[in-house]
Protein chains: 2
Amino acid sequence: MTNDTRTDSVPTAAGEADTAQAPVAMAGTLEPEAAQLDPILTAALHHIALHGYHATSVRMIAREVGVTVPALYYHYENKQAMLVALLDSSVALAISYVERALAAAGTDPVSRLQALVKAVALYSAHHRDLAILDSERRSLTEENLARYAAHRDSIESRLHEIVEDGVAQGLFATPAARNCVRAILSMTQGITGWFRPDGPRTAEETARDYERIALAAVEYRDL
Amino acid sequence: MTNDTRTDSVPTAAGEADTAQAPVAMAGTLEPEAAQLDPILTAALHHIALHGYHATSVRMIAREVGVTVPALYYHYENKQAMLVALLDSSVALAISYVERALAAAGTDPVSRLQALVKAVALYSAHHRDLAILDSERRSLTEENLARYAAHRDSIESRLHEIVEDGVAQGLFATPAARNCVRAILSMTQGITGWFRPDGPRTAEETARDYERIALAAVEYRDL
DNA sequence: ATGAGATTATCGATCGCTAAGTCAGTAGTA
DNA sequence: TACTACTGACTTAGCGATCGATAATCTCAT
């Protein structure tokens with residue numbers, strides 16, 4: 001009972017004292033909205049992102065929350081339901097980044113490609129734990145995986161449209177659009193693997209690098 | 001105690017007819033050398049690549065090999081030692097791909113970049129199971145991880161040298177060499193996530209796409 | 001008095017791992 | 001050739017710990 005697949009987002013103020021939004025011309029501001037996770041999911045995310053789903057026991061989660069194990073099962077049907085809820089939140093947040101960026105990006109394939117790459121890069125850097133969860137999708141049951149994959153693929157579809165558009169308009173010269181899309185998404189999600197918030201460069205600087213690399217990858221000639 | 005952390009000499013003489021060993025180092029030819037894994041590691045690889053280290057029990061491995069659990073412990077000190085042996089094999093094979101390709105590539109940064117990307121791409125496509133193991137490195141103990149990371153980083157260092165070289169010679173125009181290197185490696189390793197040997201395109205065709213994308217990414221102007 | 005939300009206590013299954021025994025093959029000795 | 005000793009490669013049996021999950025009960029605020 002009481003399982004909920006919806007993403008409950010309580011719109012409290014995102015108390016993140018982060019660096020100011022990048023004043024990039026014509027690109028909409030992307031505010032990292034705080035992922036509103038209940039204490040159980042927060043603890044689950046912490047452990048799963050660090051050690052993986054199968055290496056995380058419900059007892060670890062309960063201990064971190066400060067409750068006993070059955071309290072977890074009052075809110076979630078089983079352990080898998082917690083992973084599902086986390087992946088739902090994760091993909092929802094990623095898509096909200098992308099939608100918001102594209103909505104502010106106009107119709108030019110160049111600025112749309114930049115916007116999408118910036119969105120995924122900032123999401124990957126600002127929400128590393130959630131973004132890393134993507135690698136835990138193989139622990140989903142078949143139907144849960146199918147649902148997740150559908151949402152996830154929507155981002156790839158958006159990117160594919162943009163690249164095809166750019167090729168059709170003669171802006172991008174890549175002869176391998178499909179693999180270009182895969183490459184761009186792989187490399188941008190790869191940011192989760194090395195980016196550290198206390199590292200030498202900010203997420204915004206990193207995102208700008210990746211925007212340029214992505215434009216170069218599709219062989220945009222006027223860089 | 002039969003402990004032995006180094007290259008395990010375990011029954012390898014499984015009479016399996018595999019591809020002929022042809023250590024030919026012709027320019028542009030990368031012979032995928034068969035990964036020589038004993039039956040235990042073969043079974044372990046199969047399960048771990050599919051479901052992950054922590055989701056794989058020693059009983060599953062034993063069952064697939066056709067022996068009992070203690071037989072596994074006669075050859076490997078513990079479960080972790082099997083993962084270590086697999087990751088050792090994996091990184092050794094990857095490096096052998098890269099070394100062989102670079103040895104045949106001359107000194108031109110363009111052809112060296114192509115060679116390295118081709119090597120990693122073909123490794124990722126031809127040995128998906130081994131390549132996917134990279135994501136299991138977080139299940140290593142601290143010192144095992146350090147050893148693995150050192151080997152793994154050597155490939156990144158090689159690529160970084162090549163890119164810096166190309167920039168110094170005015171061949172590559174990228175203003176973000178470090179992130180370019182990360183992006184190229186991420187995207188190329190990402191091939192393991194979608195490539196299927198029975199898919200519409202061969203590993204070699206895919207590798208050629210990625211060579212071009214990588215050259216474009218470092219902003220090589222004469223594509 | 002009721003129900004949301006937590007607790008105590010415990011279930012059977014499975015986990016990684018090991019002590020001790022079996023047994024075929026090989027080397028050494030006469 | 002025949003007997004002995006030894007070793008490598010396994011098996012049977014089972015250890016203690018932990019796993020995900022549940023039944024029954026308790027505690028309050030409404």
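Residue numbers begin at 1 in each chain, while the letters A, B, ... track the order of the sequences. The structure presented is a predicted model; accordingly, all values stated were derived computationally and were not measured.
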| task | Let me have a per-nucleotide readout for nucleotides 11-19 of chain D, 5' to 3', with B, S or -, counting only protein heavy atoms under 4.0 Å. | result | BBBB----B
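With sequence neighbours excluded, the residues forming a side-chain hydrogen bond (donor to acceptor under 3.5 Å, both in side chains) with R212(A) are E219(B), listed by chain and number. For D129(A), there are no side-chain hydrogen bond (donor to acceptor under 3.5 Å, both in side chains) partners, not counting sequence neighbours. For R137(B), the side-chain hydrogen bond (donor to acceptor under 3.5 Å, both in side chains) test picks out D134(B), with sequence neighbours left out.
Regarding D38(B), its CG atom lies at a distance of 16 Å from the C1' atom of dG8(D), rounded to whole Å. Counting to the nearest Å, the P atom of dA21(D) and the CD atom of E77(A) are 9 Å from each other. In this structure, H47(A) atom NE2 and dG20(D) atom C1' are separated by 16 Å, rounded to whole Å. Following rounding to the nearest Å, H54(A) (NE2) and dT14(C) (P) show an atom-to-atom distance of 15 Å. The nearest whole Å value for the distance from the CD1 atom in I40(A) to the C1' atom in dA4(C) is 14 Å.
Of the side-chain N and O atoms in Y74(B), one or more sit less than 4.0 angstrom from OP1 or OP2 of dA9(D). The phosphate of dG8(D) has neither OP1 nor OP2 within less than 4.0 Å of any side-chain N or O from H75(B). One finds a side-chain N or O of Y73(A) lying less than 4.0 angstrom from the OP1 or OP2 phosphate oxygen of dA21(D).
Taking the centre and axis of the six-membered ring of Y53(B), the NZ or CZ atom of K79(B) falls inside the cone set by 45° and 6.0 Å.
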Could you give the side-chain donor-acceptor pairs of residues 184-196 of chain B under 3.5 Å, partners two or more places apart or in another chain?
residue : atom : partner : partner atom : Å
S186(B) : OG   : R182(B) : O            : 3.0
T188(B) : OG1  : I184(B) : O            : 2.6
T192(B) : OG1  : Q189(B) : O            : 2.8

Could you go through residues 41-49 of chain B and list every donor-acceptor pair under 3.5 Å that involves a side-chain atom there, pairing it with any protein atom two or more places apart or in another chain?
residue : atom : partner : partner atom : Å
T42(B)  : OG1  : L37(B)  : O            : 3.3
T42(B)  : OG1  : D38(B)  : O            : 2.9
H46(B)  : ND1  : E64(B)  : OE1          : 3.3
H46(B)  : ND1  : E64(B)  : OE2          : 3.2
H47(B)  : ND1  : E64(B)  : OE1          : 3.4

